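This report refers to the structure that appears directly beneath it.
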Amino acid sequence: MRFLFDECLHESLVGLAHAAGFEATHVNHLGLSGKSDRALTERTIRDEYTFVTNNRVDFIQLFGSMDLHPGLIILVPNVVPALQRALFVGALQYLSGRDLVNAVIEVSLEGKVVHCVEYGLPPG
């Protein structure tokens, strides 16, 4: 699994992915800052990245219109970098052995506990 982090998320998440043994990069590192959500989605498909964002509304719509995608992880709350890291670590723990093809994982905080919800997208 390879991760591409949206520009709305802190670049330090790349290091967490690397430390867990995953390939990862940030849109800023690929010269994609300021590109449209559609352009980012096309890049994730072309290079088979699982996309990580907190822009739920736009990317649920874009990924939901595809027949096949490599996965989407949404860090639900818009939080400071330290909490983004905690949420992503929770997602990494949840991912153990999972295949995210056509799946979405929404990661949120419930009190002080990271909660992951997985579902298929597109539905069916």
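This one's a predicted model, so the numbers in the text were calculated from it and none came from an experiment.
Neither F59 nor V79 shares a network with the other; the hydrophobic side chains, linked directly or stepwise wherever heavy atoms of I, L, V, M, F, W or Y lie under 4.5 Å apart, form separate groups for each. Hydrophobic clustering, with ILVMFWY side chains joined whenever heavy atoms are under 4.5 angstrom apart, keeps V114 apart from V117. Under the 4.5 Å side-chain contact rule for hydrophobic residues, I105 and L92 share a cluster. Using a 4.5 Å cut-off between side-chain heavy atoms of Ile, Leu, Val, Met, Phe, Trp and Tyr, with links allowed through other members, L30 and L13 fall into different hydrophobic clusters. One hydrophobic cluster, built from ILVMFWY side chains closer than 4.5 Å, holds both L72 and Y49.
Between I74 and I60 the shortest heavy-atom distance is CD1-CD1, 3.6 Å. Shown here for C116 and G90, the closest heavy-atom pair between the two residues is SG-O, 4.0 Å. When all heavy atoms of D6 and V27 are compared, the closest pair comes out as C-CG2, 3.8 Å. I45 and P70 make their closest contact through CD1-CD, 3.5 Å (heavy atoms, listed as atom of the first residue, atom of the second, distance). Heavy-atom minimum distance, G64 versus L121: CA-CG, 3.6 Å. Residues M1 and R98 approach most closely at CE-O, 3.8 Å, considering heavy atoms.
The hydrophobic cluster analysis finds V113 isolated: no Ile, Leu, Val, Met, Phe, Trp or Tyr side chain comes under 4.5 Å of it, directly or through other members. Under a 4.5 Å side-chain heavy-atom cut-off, the cluster of Ile, Leu, Val, Met, Phe, Trp and Tyr residues that includes L68 is completed by V101.
The line from CG of D37 to CG of D58 is 4.5 Å long, rounded to the nearest 0.5 Å. Here the straight-line distance linking atom OG1 of T50 with atom CZ of F22 works out to 9.0 Å at 0.5 Å rounding. Put simply, CG on N78 and CG on L9 are 8.5 Å apart, with the number rounded to the nearest 0.5 Å. A distance of 9.0 Å separates CG of L83 from CZ of R85, quoted to the nearest 0.5 Å. Expressed to the nearest 0.5 Å, how far CD1 of I73 lies from CZ of F5 amounts to 7.5 Å. Atom NZ in K35 sits 11.0 Å away from atom CD in E7 (nearest 0.5 Å).
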Before giving the answer on side-chain contact (heavy atoms from CB on, under 4.5 Å), spell out for N102 and H69 the whole-Å C-alpha distance, their side-chain angles and the decisive distance to 0.1 Å. CA-CA 5 Å; N102 280 6; H69 65 79; 3.5 Å; yes

Show your reasoning for whether side-chain contact (heavy atoms from CB on, under 4.5 Å) applies to T53 and L40. CA-CA 11 Å; T53 186; L40 295 177; over 6 Å; no

Run F88 and V107 through side-chain contact (heavy atoms from CB on, under 4.5 Å) and show every step you take. CA-CA 8 Å; F88 186 64; V107 187; over 6 Å; no

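In terms of modelled atom types and a separation under 3.5 Å, the side chain of Q84 and the main chain of H10 share a donor-acceptor contact. Remark: side-chain polar atoms of S96 are not paired, donor with acceptor, to backbone N or O of Q93 under 3.5 angstrom. Of the possible donor and acceptor atoms, none in the side chain of T25 sits under 3.5 Å from a partner among the backbone N and O of L4.
Heavy atoms from other residues, nucleotides or ligands lying under 6.0 Å from CZ of R46 number more than 12. Heavy-atom contacts from other residues, nucleotides or ligands closer than 6.0 Å to CD of Q61 number 12 or fewer.
Relative orientation of the F63 and F51 rings is parallel, given thresholds of 30° and 60° on the angle between their planes.
For E48, there are no salt bridge (charged side-chain N to carboxylate O under 4.0 Å, His left out) partners two or more places apart in sequence or in a different chain.
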